[in-house]
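Residue numbering restarts at 1 for every chain, and letters A, B, ... go by the order of the sequence lines.
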Amino acid sequence: MDGQPKLRPGGSKLTHIPGAGVIARVDPWWGLVILVAVLIVILVTAKADPFRNILLFVRHGIVITVFITAMAFMLTLLLGLIGGLGRLSRNRFIYGVATLYVEIVRGIPLLVQLIWWYFAFPVVIQTVGEWLNFSAMANYHANPIFTAIAAFTICYGAYMSEIYRAGIQSIPKGQMEAARSLGMTHFQSMRHVVLPQAFRVVLPPIGNEFIALLKDSSLVSVVAVADLTRRGREFMAVNFNPIEVWTMVALIYLVMTLFSARGVAWIEKKTHIEK
Amino acid sequence: MEPIIHIENIHKHFGMVHALRGVSLDVHKGEVVVIIGPSGSGKSTLLRCINRLEEYDDGEIVVDNIPLDSAQNINTVRREIGMVFQSFNLFTHLTVMENLTLAQRVVRKRQKNESQKIALNLLAKVGISEKAQAYPVQLSGGQQQRVAIARALAMDPKIMLFDEPTSALDPEMIKEVLDVMLALTKEGMTMVVVSHEMGFAHAAANRMILMDEGQIIDEATPEKFFASSNERTKLFLSKVLHM
């Protein structure tokens, strides 16, 4: 980061390719997103039965998938930050709790976690409720969508903690020292100096996590949430056309993940600082 | 007169290494103290103890009548002390202007306009007004260090600490930084400087200190110091002056 502060005159210009115009700077990989989108449109218009019917049938599932992914991702960003700061804490209790959380969650398959929160956790609550004679808990029933969001947040929060930790640790110690020597508190230094720089470092892996989460959200179909995958399965169970259904579902996931990847690349470019 | 920095019998360990072995030093207002010594002698550690970037194991430091004992006192003292580092440590994600205004606004609670006015005056003083909107990476090492000095001055410090401010610079950039430091001494700034720039020491220092193995070995005015009869001082000077 502060490895090459000695730029020669005009040195900073080296990152600009001479003669590179506006067209060259448009990210060419948007073409792939458009290609897949066009493919879906062609299938739906050229062969409305079954492709248009599939699309209409899974439509609501797409909304569920996007909703679960978006909610879980936003909560993950927050939980990951807390976990990451906890992993860097000099307070041994906070460090211990954060480390325990990361180690346990990382060691259990996501599908098993999801099933546990969906089938085992409510029974725990109900049993405790009966024991305490507390009817609100004894009659607890899991809301499938919220349970799914919570399960994804807890699981992905652990991975995100490690990403944040690595990002914060990648910022040279001198940045924090300079901020502290100006009289800023530890919190102010983190907030104004370290985290804004760490955020740029972790943006690519965070983008990765978002895309992984979008795909992993298909696991909720196992616990009876009517997401895109589940709706695809339901359609196939009635019409017995696996090739068309799963090709369509795959294309819809693909267009969403490719689009997300471009979005991340765009944010990365916007927040980039020449180093 | 009360010293503005009072250091008494400071001890500091890094694991097994006894980095500071009972250092005592008083610095008075307006004084310029230059500390020299071989690497590993504890001079940077001593400097970093003064604004508590380094914790010490034993002893006492009082800055401007405030003892460095509570977190609140440490933050108060840090506000009064400007620090300049060997590796500049400019905030890389902020422009030069933002580097100068951030702490003014967050710590000194100054308004945006006021902090920018102060920043522009200081940038003019260190001779890089035209770079206000540049990012640190777009500046030369000498320019970055001058911005770092301006950033520290923006907090109106009573004391400035310099930790080998020219060691990371190309030879042709050293002078521009030393000139800014020299101008500061003329304004009566209290300064503690760790540096092997003997020309600067000769021109600016009121007192010179040689440290070795975590202790102060010799201490004198520059005239007496350069003519010192202390064997350790003579040996070290012969090395830095290539005599």
How far apart are the closest heavy atoms of L182(A) and R79(B), and which atoms are they? O-CG, 4.4 Å
Among residues 62-78 of chain B, those lying within the under-4.5 Å heavy-atom range of chain A are N75(B), R78(B)
Mark yes when over 12 heavy atoms from residues, nucleotides or ligands other than F14(B) sit less than 6.0 Å from its CZ; otherwise mark no. yes
Residues, nucleotides or ligands: over 12 heavy atoms within 6.0 Å of W30(A) CH2: yes
What do you reckon, is CD of E187(B) surrounded by more than 12 foreign heavy atoms closer than 6.0 Å? yes
How about R191(A): does its CZ atom have over 12 heavy atoms from other parts shown lying under 6.0 Å from it? no
For residues 29-54 of chain B, pull every pair meeting side chain to side chain donor-acceptor pair (under 3.5 Å), keeping only residues two or more places apart or in separate chains. E177(A)-R48(B), E31(B)-R207(B), S44(B)-D163(B), R48(B)-E54(B)
Shortest non-hydrogen pair, A178(A) vs F85(B), comes out as CA-CE1, 3.7 Å
Determine whether a donor-acceptor pair (N or O, by modelled atom type, separation under 3.5 Å) exists between the side chain of H192(A) and the backbone of A103(B). no
For chain B, find which of A179(A), P196(A), S189(A), G183(A) contributes the most heavy-atom pairs closer than 4.5 angstrom. G183(A)
Full working for side chain to side chain contact (heavy atoms under 4.5 Å, CB included) between L102(B) and V193(A): CA-CA 9 Å; L102(B) 176 64; V193(A) 175; 3.8 Å; yes
Contacting region of V107(B) [heavy-atom separation from chain A under 4.5 Å]: side chain
Distance in Å, S181(A) OG paired with R151(B) CZ, rounded so as to fall on 0.5 Å steps: 6.5 Å
Sort out for me which of Q188(A), K173(A), R180(A) touches chain B most, counting heavy-atom pairs under 4.5 Å. R180(A)
Crowded around E55(B) CD? As in, over 12 foreign heavy atoms under 6.0 Å? no
